[in-house]
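Structure first, commentary second.
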Amino acid sequence: MKRLLISIWNFYVEGFKAMTWGRQLWWVILLKVIVLFVILRAFFFRPTLAGKDEQQRIEYIGNQLLNTPNYKPSKN
């Protein structure tokens, strides 16, 4: 099992060492993922519980759970 993992690791290490354009493409992909998550976090997933004390958080979550309509899938 250990030899298998080492051979798989060596396969990927040698493959990444032999890349020419692949390294730049991986950096572009990594940069795009980071920017995407930063933008999504900043604009779409704002923390709604920030700045509230424990009791306010409990009330907010309770209201959200009780006032959310139940999802019923359509019968097709």
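Just so you know, residue 1 is the first one in the sequence shown, and it goes up from there.
With Ile61 as the fixed residue, the side chain to side chain contact (heavy atoms under 4.5 Å, CB included) test singles out one of Asn63, Leu65, Ile58: Leu65. Just one of Ile29, Val33, Val35 meets the side chain to side chain contact (heavy atoms under 4.5 Å, CB included) condition when paired with Leu31; it is Val35.
Formation of a donor-acceptor pair under 3.5 Å by the Gln56 side chain with backbone atoms of Asp53 is found in this model.
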Could you go through residues 5-22 and list every donor-acceptor pair under 3.5 Å that involves a side-chain atom there, pairing it with any protein atom two or more places apart or in another chain?
unit_1: Ser7; atom_1: OG; unit_2: Arg3; atom_2: O; d: 3.2
unit_1: Ser7; atom_1: OG; unit_2: Leu4; atom_2: O; d: 2.8
unit_1: Asn10; atom_1: ND2; unit_2: Ile6; atom_2: O; d: 3.3

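Closest non-hydrogen pair, Arg57 versus Lys52, comes out as NE-O, 3.2 Å.
You'll find the side chain of Leu30 reaches within 4.5 Å of the side chain of Trp27, heavy atoms only.
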